[in-house]
Amino acid sequence: MTPAELAAAVLDAARRVVTARGLDPTLLPETTTVARPRQPEHGDYASNLALQLAKKLGVKPVDLARELADELARTDGVKSVEVAGPGFLNVRLDAAAAGALARIVVQQGRAYGRSETLAGEKVNLEFVSANPTGPIHLGHTRWAAVGDSLGRLLSAAGAIVTREHYTNDAGAQIERFGRSVLAAARKEPAPEDGYAGEYITDIANKILEAHPDALDKGEEFFAEVGHKAMLAEMRASLERFGVHFDVWFSERDLHNGGAVEHALEELRKQGHVFDHEGAVWLRTTDFGDDKDRVLIRSNGEKTYFAADCAYYINKRERGFDRCVYLLGADHHGYIARLRAVAACAGDDPARNIEVLIGQLVNLVRAGEPVRLSKRAGNIITLDEIVDAVGVDAARYSLARSSTDSVLTLDIEEITRQARENPVYYVQYVAARTASVSRNAADLGITRGDDFDAALLVHEKELDLLKALGDFPAIVATAAELREPHRVARYLEDLAGTYHRFYDKCRILPQGDEPVTELMRARLWLNDAARTVIANGLDLLGVTAPERM
RNA sequence: GCGCUCGUAGCUCAGUGGAUAGAGCAGAGGACUUCUAAUCCUAAGGUCGCAGGUUCGAAUCCUGCCGGGCGCACCA
């Protein structure tokens with residue numbers, strides 16, 4: 001029996017009690033959940049439904065809980081129901097009902113944990129969106145890891161996800177970049193307002209190799225060829241990191257294709273565009289923004305914000321119900337105006353646009369803060385991180401904490417982390433379970449078509465079964481809250497539970513011991529654990545190795 | 001000044017109103033003729049920033065204060 005099935009049984013019982021008492025059944029919630037109590041004496045699962053309902057129904061919580069308990073106790077697979085404290089229901093399951101979970105997990109395989117809660121939703125997930133004036137650095141890397149995992153989570157919840165990278169290739173920064181590369185090609189120092197760093201010289205050299213006459217062509221040529229080379233590098237770094245963007249969207253295309261004018265017309269139709277002091281404005285204050293925003297400056301130039309509007313409208317016209325933006329905390333001021341753009345376009349900001357803000361990564365070296373500057377060229381790149389610790393450890397450490405909190409990474413620790421990163425604790429479960437399977441195969445022991453679930457009664461077996469049962473709810477919550485780190489934390493917990501099971505419960509025969517049904521049952525449990533670890537790691541873009 | 005956000009163990013961080021607040025790392029002690037010790041076990045470590053409020057119940061929600069980060073362009 002899965003937690004979801006038990007929760008449904010609790011709700012059914014409540015419906016019967018409420019109906020029998022002649023109370024209003026519409027006061028019942030549509031769904032409920034059961035929780036895993038921390039104390040074992042509080043049972044396998046607990047429900048607080050009686051506490052939540054009592055006030056609404058105008059009855060005493062404990063009385064309602066007692067009636068619910070009696071009703072619920074008649075459910076197949078439920079061994080006992082106790083009322084505790086102010087009105088909790090503490091439920092215990094039959095061994096066979098608890099053990100059956102291993103069967104469910106193994107049978108569902110890769111599908112275990114997936115759901116249909118976002119079925120049919122077309123989601124545009126924009127993240128990283130780094131300027132093509134430098135390599136992908138540590139700050140972007142956090143969004144690469146988190147954004148890609150979020151995409152996997154949303155897909156697991158049934159959504160159709162398009163991963164998109166927006167490239168600001170239309171601004172003055174590209175000109176500065178071109179001047180910087182040209183200067184490097186001429187062996188001159190970087191311009192005052194330009195970019196420095198080895199990568200600029202590398203690009204300059206590459207351009208000179210491919211185009212020996214480049215120096216005659218001027219800075220526009222260097223800007224053009226240089227930023228395209230930069231983009232290719234960024235793409236290669238991200239692919240190596242396991243992050244694939246379905247669409248690389250160019251701001252310049254937006255301008256050249258007339259999308260900005262089109263957006264202005266659309267916004268004008270909705271009645272939120274006005275002229276003031278020679279400039280064209282969008283009245284974003286109608287929808288909660290602090291101040292109105294300029295679309296076209298009095299000198300006739302379109303603002304970056306105008307492109308933002310066009311981009312949003314373009315996404316909607318491409319059929320995306322939900323436009324999700326993953327931005328760094330230094331852009332949180334954009335939330336209000338982006339939401340206002342959606343509203344100005346006649347959309348529902350609560351549904352069509354979602355701006356997620358993540359805190360920045362703080363870098364220290366041996367406790368001393370390190371200021372990163374692309375201009376100064378002292379950045380830590382994605383490639384350097386991957387070289388130092390590998391893709392799995394890098395992705396895991398960036399995705400395992402909430403994006404609400406500032407992540408502090410010690411450069412020295414990152415390289416040391418290769419050994420102490422919790423990802424290995426989780427991956428080791430994958431390796432151990434695979435090893436058990438290999439050994440079983442060597443001994444000629446097969447899992448069989450089925451097993452006696454009632455044999456799984458050891459405390460560590462039951463703990464593991466319950467932990468495996470939590471997975472679908474964890475995935476659903478992580479997807480709903482857009483918080484991939486929940487998956488990582490769950491996996492660490494599950495890994496501990498598996499290691500303790502492995503330590504206490506021998507799976508395979510030793511010496512010439514005969515093969516028992518318990519061993520077969522444990523083999524199912526072992527495979528179930530491997531399935532969940534692998535599914536969970538996959539949501540984080542981390543491998544589940546067969547050996548370590 | 002206004003806005004967003006964070007404040008939990010020595011450090012890095014979990015904990016979407018539930019029962020006695022957790023993990024990893026660091027540090028103390030123990031377990032390898034191993035189904036892989038990248039593991040397990042034991043002990044230690046806390047005014048959940050402070051003060052009020054809401055609630056049967058608050059680390060979690062509300063208000064105020066203190067402290068840190070970030071942002072407040074006819075820049076990109």
Side-chain angles (χ1 to χ4, degrees), chain A residues 35 37-39 41-42 46 48 51-52 54-55 60-62 84-88 90 131 133 168 170-174 176 251 276-281 290-291 293-305 307 328-336 357-360 362 367 397 400-410 413 416-417 419-429 431-440 442-443 445 477-478 480-481 483 485-486 488-490 492-493 495-496 498-510 519 522-523 526 547-548:
Chain A
R38 206 171 293 114
Q39 276 72 35
E41 57 271 26
H42 291 148
N48 59 4
L51 286 164
Q52 290 176 339
K55 181 170 273 181
K60 279 179 68 180
V62 175
F88 290 106
N90 293 338
N131 284 335
T133 54
N168 302 127
Q173 60 198 335
I174 294 289
R176 276 206 304 273
E251 181 190 354
H276 178 66
E277 293 181 351
V280 179
W281 300 67
D290 299 347
K291 53 191 83 171
R293 306 288 166 179
V294 173
L295 291 162
I296 302 174
R297 292 195 267 160
S298 45
N299 67 6
E301 277 179 44
K302 295 180 189 79
T303 61
Y304 188 91
F305 175 68
D330 51 341
H331 288 82
H332 72 243
Y334 286 43
I335 302 176
I357 293 299
Q359 299 300 305
L360 304 176
N362 222 332
S397 32
R400 76 183 283 269
S401 46
S402 160
T403 54
D404 283 343
S405 60
V406 178
L407 195 57
T408 301
L409 290 181
D410 194 306
E413 215 169 278
R416 250 188 295 127
Q417 236 179 5
R419 212 58 192 176
E420 47 198 51
N421 193 303
V423 74
Y424 298 109
Y425 186 74
V426 177
Q427 285 186 314
Y428 192 48
V429 174
R432 274 187 151 172
T433 51
S435 175
V436 169
S437 296
R438 279 194 303 273
N439 294 337
D442 289 348
L443 292 169
I445 303 170
T477 305
E480 182 196 333
L481 299 178
E483 293 185 347
H485 76 277
R486 286 169 186 275
R489 298 298 173 150
Y490 163 79
E492 288 169 35
D493 187 66
Y498 176 83
H499 287 312
R500 286 186 285 277
F501 155 76
Y502 181 91
D503 194 61
K504 284 280 185 300
C505 299
R506 176 85 201 184
I507 300 169
L508 298 175
Q510 284 175 295
M519 292 172 188
R522 284 179 172 168
L523 220 41
N526 184 70
R547 298 171 201 270
M548 284 174 75

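So you know, we letter chains A, B, ... as the sequences are listed, proteins then strands, and number each from 1.
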Colleague: Just the rounded figure in Å: distance from P of B:rG22 to CZ of A:Arg400.
Modeller: 18 Å
Colleague: Is any side-chain N or O of A:Arg489 closer than 4.0 Å to OP1 or OP2 of B:rA23?
Modeller: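 So the side-chain polar atoms of A:Arg489 never come under 4.0 Å of the phosphate oxygens OP1 or OP2 of B:rA23.
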Colleague: Answer whether the closest heavy-atom distance between the side chains of A:Ile507 and A:Phe501 falls below 4.5 Å.
Modeller: yes
Colleague: Less than 5.5 Å between centroids and less than 30° between ring planes, does A:Tyr502 satisfy that with B:rU39?
Modeller: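 A:Tyr502 vs B:rU39: stacking no.
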Colleague: Might you list the N or O atoms of the protein lying below 3.5 Å from N or O atoms in nucleotides 71-75 of chain B, with each pair's distance?
Modeller:
unit_1	atom_1	unit_2	atom_2	d
B:rC72	O3'	A:Lys291	NZ	3.1
B:rC72	O2'	A:Lys291	NZ	3.2
B:rA73	O5'	A:Lys291	NZ	3.4
B:rC74	O2	A:Ser298	N	2.7
B:rC74	O2	A:Ser298	OG	2.9
B:rC74	N3	A:Ser298	OG	3.2
B:rC74	N4	A:Glu277	O	3.1
B:rC74	N4	A:Glu277	OE1	3.4
B:rC75	OP1	A:Arg297	NH1	3.1
B:rC75	OP2	A:Arg297	NE	2.2
B:rC75	OP2	A:Arg297	NH1	2.2
B:rC75	OP2	A:Arg297	NH2	3.3

Colleague: Whole-Å distance between B:rC35 P and A:Ile507 CD1?
Modeller: 11 Å
Colleague: According to a cutoff of under 5.5 Å between the ring centres and under 30° between the ring planes, does A:His42 stack with the base of B:rA19?
Modeller: yes
Colleague: Taking all non-hydrogen atoms of both residues into account, name the closest pair between A:Gly328 and A:Leu360 and its distance.
Modeller: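 In terms of heavy atoms, the two residues are closest at CA-CD2, 4.2 Å.
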Colleague: With a 3.5 Å distance limit and no angle check, can you tell me whether A:Asn439 reaches the backbone of A:Ser435 through a side-chain donor-acceptor pair?
Modeller: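 Side chain of A:Asn439 to backbone of A:Ser435, a donor-acceptor pair under 3.5 Å: yes, one is there.
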Colleague: Using the P atom on both, measure B:rC32 against B:rA38 and round to a whole Å.
Modeller: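 It comes out at 15 Å once rounded to the nearest Å.
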Colleague: Is there ring stacking between A:Tyr425 and B:rG24, where the centres must be under 5.5 angstrom apart and the planes under 30 degrees?
Modeller: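 No; by the centre-distance and plane-angle rule, A:Tyr425 does not count as stacking on B:rG24.
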Colleague: Under 3.5 Å, is there a donor-acceptor pair between the A:Asn131 and A:Gln173 side chains?
Modeller: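 Looking only at side-chain atoms, A:Gln173 and A:Asn131 do form a donor-acceptor pair, the distance falling under 3.5 Å.
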Colleague: Any strand is fair game: report the nucleotide pairing with B:rA51 by Watson-Crick or G-U wobble, both distances under 3.5 Å, or none.
Modeller: B:rU63
Colleague: A side-chain contact here means heavy atoms from C-beta on lying under 4.5 Å apart; do A:Tyr424 and A:Met548 qualify?
Modeller: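 Yes, at least one pair of side-chain atoms sits under 4.5 Å.
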Colleague: Grab the CD-C1' distance between A:Gln52 and B:rU16 for me, whole Å please.
Modeller: 13 Å
Colleague: Calculate the interatomic distance between A:Arg547 atom CZ and B:rA38 atom C1'; express it in whole Å.
Modeller: 16 Å
Colleague: Base, sugar-phosphate, or nothing: which does A:Val406 touch, judged by heavy atoms less than 4.0 Å apart?
Modeller: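 Sugar-phosphate only.
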Colleague: Where the side chain of A:Thr477 is defined as all heavy atoms beyond and including C-beta, which of B:rG15, B:rA14, B:rU16 is the nearest nucleotide?
Modeller: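 In terms of side-chain proximity for A:Thr477, the closest of B:rG15, B:rA14, B:rU16 is B:rU16.
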Colleague: Between B:rA19 and B:rC41, how many Å separate the two P atoms, rounded to a whole number?
Modeller: 23 Å
Colleague: Do side-chain atoms of A:Arg297 reach the backbone of A:Thr303 as a donor and acceptor pair under 3.5 angstrom?
Modeller: no
Colleague: Measuring to OP1 and OP2 of B:rC40, would you say a side-chain N or O of A:Lys504 lies under 4.0 angstrom away?
Modeller: no
Colleague: Please state how far atom CZ in A:Arg500 lies from atom P in B:rU42, giving the value in whole angstrom units.
Modeller: 9 Å
Colleague: Rounded to the nearest Å, what distance is computed from the NZ atom of residue A:Lys60 to the P atom of nucleotide B:rC56?
Modeller: 15 Å
Colleague: Does A:Asn90 contact B:rA19 through a side-chain donor or acceptor facing the base, at a distance under 3.5 Å?
Modeller: yes
Colleague: Does A:Gln359 have a side-chain nitrogen or oxygen under 4.0 Å from the phosphate oxygens OP1 or OP2 of B:rC70?
Modeller: no
Colleague: Taking only side-chain N and O atoms of A:Ser405, does any of them lie within less than 4.0 angstrom of OP1 or OP2 on B:rA14?
Modeller: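 Yes, because at least one side-chain N or O of A:Ser405 sits under 4.0 Å from OP1 or OP2 of B:rA14.
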Colleague: Expressed as a whole number of Å, how far does the P atom of B:rC4 sit from that of B:rG10?
Modeller: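 The answer is 31 Å between these two P atoms.
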